[in-house]
Amino acid sequence: MSAIQSEPGRRLEPEGDDPREHGVESGLPPRGPRSRTTTILAIASMVGGAIAFIWGMDWFLFGLSDEIATLTVGGLAVMVLGAWSAVGGLLLLKRVSWAQPAMIATYGVHALAIAIFGVLSAVASGSDIAPYAISIALLAAALAMVWFLRSPAVEKDFPADRMSGAGRTVALWSIVAVWSLPTIGLLLSSFRAERAVKTEGWWTIFTNPQLTIDNYRIVLESGGSSAPNMFEAFLNSIAIVLPATVIPISIALFAAYAFAWMEFPGRKWLFVAVVSLMAVPLQMSLIPLLQLFVGGAHIGSFTIFPDLDLNGKAVSVWLTHTGFGLPLAIFLLYNYVSGLPKDIFEAARIDGADHYTIFWRLIVPLSVPALAAFGIFQFLWTWNDYLVALTFLGGNADAHPLTMRLANLSGGRGQDWHVLTAAAFVTMSVPLVVFFSLQRYFVRGLLAGSVKG
């Protein structure tokens, strides 16, 4: 008997079989002495990390004093990696559950950075053999650390479930911090004076702030051809994006319901034909579409498509984004709608509901996650589009969206490129609001219908 039933709702495990005694479920380090390999690796990480931190600090301070951007950035990177190596060595010594995989990843990054930047530095140094020897030695040390950290002796020192909740949190926030670093630099640069942006890196804001809002004032106020009115372009982008997002979603949901739940001849072949349109390159179709919208299509005296005279009008951009967005929209929404429970529709039909009632009372409310997922895709694609707007709105300066105004913002000779930092955040503001408002639907809408059972 593996367990004794002592009282209702409680099981007594036999002595010595409770996994919590080994620290697996609690996330605590396992009992028993630490292996010699783990101790040596922990001490090596702490010592090597401290040396790398001091070495990187020397690079960093020298780069700041002589305004050498490469040394400043490189020194800062070495300081961060060195500090984390020292902290990671301490965590290895304490046998924190997630320290081993974290340090494997750390030394993997070390090896990649040394292989790339060490070789580049050695080549830049000329014929001197010393940089090559140093780079090879550091690379060998990093790879050796990865090898020994994966050894059986170190594996035994850590629980099976090594990545605890705290470890996952640290790892995710580290990725977020690295991924957000360029955006942070762009934000800080947008509040700096022109001379500081053009002569110094954004990281010098801590020693030489020179903060100003002139860049945003230039962007949002009309100042002639060298500083076009971005607020007007902002409104133009809104006027283009909203119809170009709502129209394809509305049409695609009707089509997805028809393909999923309505029987008609050739349904499967028509669906394949519609989805295959995603392979049509947008760039190859713009000029033919422009000729179609402006001159129409004629065979002799017979008119196939009328002349709509849409050159320089936002309607042409709406129609283009609608046409090229529909195949993907129908595909995504079809996967979602076809995965809805069949019993719901059968019950509705028994109660006398027709297709119109089923669509508005069931399909639309249940499809909100999928609609939001595609809405984010279509909104971002349309908002950041430059080529379609240039093709159809190039001759009408009053209808130019933000992307086209950005191209003219730096001036005739590119002398005002520093204001692009502020213009980038003006352009990013609306997409960020849209994404964070609908992000809870995003993953759910994309994965819906992918698994059936």
Side-chain angles (χ1 to χ4, degrees), residues 17-56 73-119 135-184 439 443 447:
D17 287 345
D18 189 353
R20 289 173 293 181
E21 294 181 2
H22 304 286
V24 175
E25 292 185 358
S26 61
L28 298 174
R31 296 179 179 179
R34 182 176 52 248
S35 69
R36 182 180 301 177
T37 305
T38 302
T39 303
I40 293 175
L41 292 177
I43 295 175
S45 294
M46 289 188 291
V47 174
I51 294 174
F53 181 82
I54 297 173
W55 190 12
V73 177
L76 184 61
V78 173
M79 286 172 61
V80 172
L81 290 175
W84 174 242
S85 298
V87 173
L90 180 61
L91 297 178
L92 282 175
L93 200 63
K94 296 293 184 180
R95 285 194 288 177
V96 176
S97 59
W98 50 272
Q100 184 201 15
M103 291 306 295
I104 291 175
T106 298
Y107 283 106
V109 173
H110 276 71
L112 183 63
I114 293 169
I116 296 176
F117 298 105
V119 172
S135 299
I136 293 174
L138 292 176
L139 179 61
L143 293 177
M145 292 294 289
V146 174
W147 175 268
F148 285 113
L149 282 168
R150 294 177 60 88
S151 64
V154 179
E155 293 278 354
K156 294 179 181 179
D157 281 337
F158 295 88
D161 185 15
R162 295 170 302 203
M163 187 59 73
S164 63
R168 286 190 292 268
T169 302
V170 171
L172 289 175
W173 277 108
S174 300
I175 294 173
V176 170
V178 173
W179 189 266
S180 304
L181 194 61
T183 306
I184 295 173
Q439 64 172 336
V443 176
L447 297 181

Set of residues satisfying ring-ring contact (aromatic ring centres under 6.0 Å, His included) with respect to Trp55, sequence neighbours excluded: Trp59

Could you go through residues 101-109 and list every donor-acceptor pair under 3.5 Å that involves a side-chain atom there, pairing it with any protein atom two or more places apart or in another chain?
unit_1 : atom_1 : unit_2 : atom_2 : d
Thr106 : OG1    : Trp84  : NE1    : 2.5
Thr106 : OG1    : Ala102 : O      : 2.8
Tyr107 : OH     : Ser45  : OG     : 2.8

Residue pair Gly49 / Ser85: nearest heavy atoms and the distance that separates them: CA-CB, 3.9 Å

For Gly82 and Ala52, work out which heavy atoms get closest and say how close. CA-CB, 3.9 Å

Donor-acceptor contacts under 3.5 Å from residues 37-44 side chains, at least two apart:
unit_1 : atom_1 : unit_2 : atom_2 : d
Thr38  : OG1    : Ser35  : OG     : 2.9
Thr38  : OG1    : Asp157 : OD2    : 2.5
Thr39  : OG1    : Arg34  : NE     : 3.0
Thr39  : OG1    : Ser35  : O      : 3.1

Ile51: which residues meet the side chain to side chain contact (heavy atoms under 4.5 Å, CB included) condition with it, sequence neighbours left out? Val47

With sequence neighbours excluded, what pairs up with Ala111 under the side chain to side chain contact (heavy atoms under 4.5 Å, CB included) test? Leu139, Ala142, Leu143

Check side chain to side chain contact (heavy atoms under 4.5 Å, CB included) between Val80 and all other residues, then give those that pass, not counting sequence neighbours. none

